[in-house]
Amino acid sequence: MKFFVVLLFPIFLFSQEKDSLTIKVSGFLETYYAYDFSNPTNDAKLPFMYNYNRHNEFNVNNGLIRTQLQYGTTYASIAVHAGTYVDDNYASEDIKLLSEAYVGLFLNDNQKSSIEVGILPSYIGFESATTASNLTLTRSLLADNSPYFMTGVKYNYKPSDKWSFSGLVTNGWQRINKPQKDVAPAFGTQIVYKPGEKATLNWSTFIGKEFYATELAMRYFSNLYWDNTWNAKWRTILGFDFGIQDSSSLNDKHLHWMSPVLITQYSINPKWQTAVRVEYYQDEDNVIVATLDAFKTSGASINFDYLLNSKVKLRTEARYFDSKEAVFFDTKSNNFFVTSSLSFEF
């Protein structure tokens, strides 16, 4: 904590200049209980999930504090976090405490273009790590197995309210440190089209060298989703991930994985919401999902949410997986679990 005191001390001194520095503090805390009817004995009940992944215990999924600053054309964000999500998703990282830490600069007066450098929120997908804003309680298979964050440089250009474009140079697929000093950076793009206030079409891509087994070879990835709010009651998200991985830098064999998902949310009244999800994830060569056999899994879930007020949400979800192979605990080909969470954000 001494590091953050030293870091923030000059900021607070600097804020004494009248109307010069804007500071915004926000936070998120989510507790949960999950029960897997397979009764797993491992600490993490499913090896390919990174949220709510403890069986038959009360725990904290994610607790986060974020400070955002802006001074003129410069802005910054730093967020620290803790919880079982952090334990699982940052297991291979040396820096686990930081959820994001970046500095941004607007390149013109109308703020249509900017550049950001540091640990950035992922530009891929439609589901956040602060999960209260997601339509479902747990994240979809495609979201849990694509990057939550990226480390590098991001250029943003927004020519109009309908279009925005971004280009990135990063350390790789959800990585703070590069795996080897001689590995070239990865590249990413994002195109967002908003035909109206209630609809979004997003296409994100990734190109870079990543490991498959012990080999480092090229990975090509695309995430496409459409998010539409039909009216005050109904909202739908349709997403599709597709990836190609070279099996080795010495041959021409290409491995593939893909995942479609459909989520529909219905607001029963201002206090109650429900959402239904159907999904499929196919990764026969275990490029992304490291199970002992080919991963070809269908899933369905239903959740009910109670909004106590604008900041507190109580959620319960039932979720079922069915696989072509015995990829779950105790050599089972199916899995059923229930999760409940209570979250607070400000």
Side-chain angles (χ1 to χ4, degrees), residues 1 4 26-66 79-100 119 121-122 125 127-149 174 176 273 275 277 289-291 297 299 301-309 311-321 327-330 332 334-346:
M1 291 304 295
F4 293 101
S26 59
F28 177 76
L29 176 62
E30 184 175 39
T31 60
Y32 75 98
Y33 173 83
Y35 189 87
D36 189 323
F37 286 84
S38 298
N39 289 307
T41 56
N42 303 323
D43 287 340
K45 57 186 176 67
L46 292 171
F48 49 85
M49 296 188 68
Y50 304 92
N51 280 280
Y52 320 101
N53 207 20
R54 300 296 184 271
H55 164 63
N56 195 24
E57 69 179 50
F58 294 92
N59 219 315
V60 174
N61 183 57
N62 192 9
L64 179 144
I65 295 289
R66 177 185 289 111
V80 295
H81 61 173
T84 58
Y85 150 72
V86 180
D87 294 339
D88 292 348
N89 197 49
Y90 290 73
S92 62
E93 296 292 346
D94 295 330
I95 301 174
K96 297 179 173 63
L97 183 63
L98 291 177
S99 171
E100 60 187 50
I119 304 174
S122 178
E127 292 178 321
S128 170
T130 51
T131 53
S133 59
N134 299 339
L135 300 194
T136 57
L137 169 56
T138 59
R139 283 171 54 114
S140 305
L141 286 174
L142 83 175
D144 247 356
N145 291 281
S146 60
Y148 281 80
F149 63 90
Q174 186 173 281
I176 296 177
Q273 296 173 330
R277 167 178 52 201
V289 181
T291 50
T297 299
S301 71
I302 182 170
N303 63 272
F304 291 94
D305 308 334
Y306 178 62
L307 287 65
L308 283 77
N309 51 52
K311 301 183 184 300
V312 181
K313 183 178 287 189
L314 176 64
R315 316 183 80 177
T316 296
E317 179 186 275
R319 192 170 183 182
Y320 177 77
F321 290 134
V327 297
F328 300 108
F329 176 75
D330 202 22
K332 293 182 178 180
N334 56 65
N335 182 260
F336 177 68
F337 58 95
V338 177
T339 309
S340 292
S341 77
L342 181 63
S343 64
F344 173 79
E345 59 183 334
F346 65 91

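For the single chain, residues carry numbers from 1 onward in sequence order.
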Counting only pairs under 3.5 Å, give me each side-chain donor-acceptor contact of residues 128-135, with atom names and distances, residues two or more places apart or in other chains.
unit_1, atom_1, unit_2, atom_2, d
Ser128, OG, Thr130, N, 3.1
Ser128, OG, Thr130, OG1, 2.8
Thr131, OG1, Glu30, OE1, 2.7
Thr131, OG1, Glu30, OE2, 3.2
Thr131, OG1, Tyr52, OH, 2.5
Ser133, OG, Thr130, O, 3.2
Asn134, OD1, Ser128, N, 2.8
Asn134, ND2, Ser128, O, 3.0

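- Within 6.0 Å of CG on Asn42 lie more than 12 heavy atoms contributed by other residues, nucleotides or ligands.
- How far CG of Asn39 is from CG of Asn56: 7.5 Å, rounded to the nearest 0.5 Å.
- For Asp88, the salt bridge (Lys or Arg N to Asp or Glu O under 4.0 Å) criterion is met by Arg54, not counting sequence neighbours.
- Remark: the backbone N or O of Ala143 is not paired with any side-chain donor or acceptor of Glu127 at under 3.5 angstrom.
- Aromatic ring centres of Tyr85 and Tyr50 lie farther apart than the 6.0 Å criterion allows.
- Note that CZ of Phe346 is 9.5 Å distant from CG of Leu29, once rounded to the nearest 0.5 Å.
- Closest approach of Thr138 and Thr136 over heavy atoms only: O-OG1, 2.7 Å.
- Remark: the backbone N or O of Pro40 is not paired with any side-chain donor or acceptor of Asp330 at under 3.5 angstrom.
- When all heavy atoms of Ser341 and Leu137 are compared, the pair lying nearest together is OG-CD1, 3.1 Å.
- Annotation: side-chain contact (heavy atoms from CB on, under 4.5 Å) contacts of Ser26 (sequence neighbours excluded): Arg66.
- Every salt bridge (Lys or Arg N to Asp or Glu O under 4.0 Å) that Arg139 has, sequence neighbours left out, goes to Asp144.
- Side-chain atoms of Val80 and Leu64, non-hydrogen and from C-beta on, never get closer than 4.5 Å to each other.
- Distance check: Asn51 CG to Asn62 CG gives 7.5 Å after rounding to the nearest 0.5 Å.
- In this structure, Pro121 and Glu100 approach most closely via the heavy-atom pair CG-OE1, 3.4 Å.
- Residue Asn303 comes nearest to Arg315 through the heavy atom pair ND2-NH2, 4.0 Å, listed as atom of the first residue, atom of the second, then distance.
- The side chain to side chain donor-acceptor pair (under 3.5 Å) search around Tyr32 returns Thr84, not counting sequence neighbours.
- Every side-chain contact (heavy atoms from CB on, under 4.5 Å) that Asn309 has, sequence neighbours left out, goes to Lys311, Val312.
- Taking CG from Leu46 and OG from Ser38, the interatomic distance works out to 8.0 Å, rounded to the nearest 0.5 Å.
- Within the 4.5 Å cutoff, side-chain heavy atoms of Asn89 are placed close to those of Gln174.
- A distance below 6.0 Å separates the ring centres of Tyr90 and His81.
- The heavy-atom pair separating Ser99 from Ile119 by the smallest distance is O-CG2, 3.8 Å.
- Within the 4.5 Å cutoff, the side chain of Met49 has heavy atoms near those of the Phe321 side chain.
- The aromatic ring centroids of Phe37 and Tyr320 lie 6.0 Å or more from each other.
- Listed for the Glu57 side chain is no donor-acceptor partner under 3.5 Å among the backbone atoms of Tyr33.
- Counted by atom type alone, Thr316 and Ser340 present one or more donor-acceptor pairs between their side chains at under 3.5 Å.
- Under 4.0 Å is where a charged nitrogen must lie from a carboxylate oxygen, and between Arg277 and Glu317 at least one such pair does.
- At a threshold of 4.5 Å between non-hydrogen side-chain atoms, the residues Lys45 and Phe329 do not count as touching.
- Ile176 places a side-chain heavy atom less than 4.5 Å from the side chain of Phe149.
- Side-chain atoms of Thr31 come within 3.5 Å of backbone N or O of Leu342 as a donor-acceptor pair.
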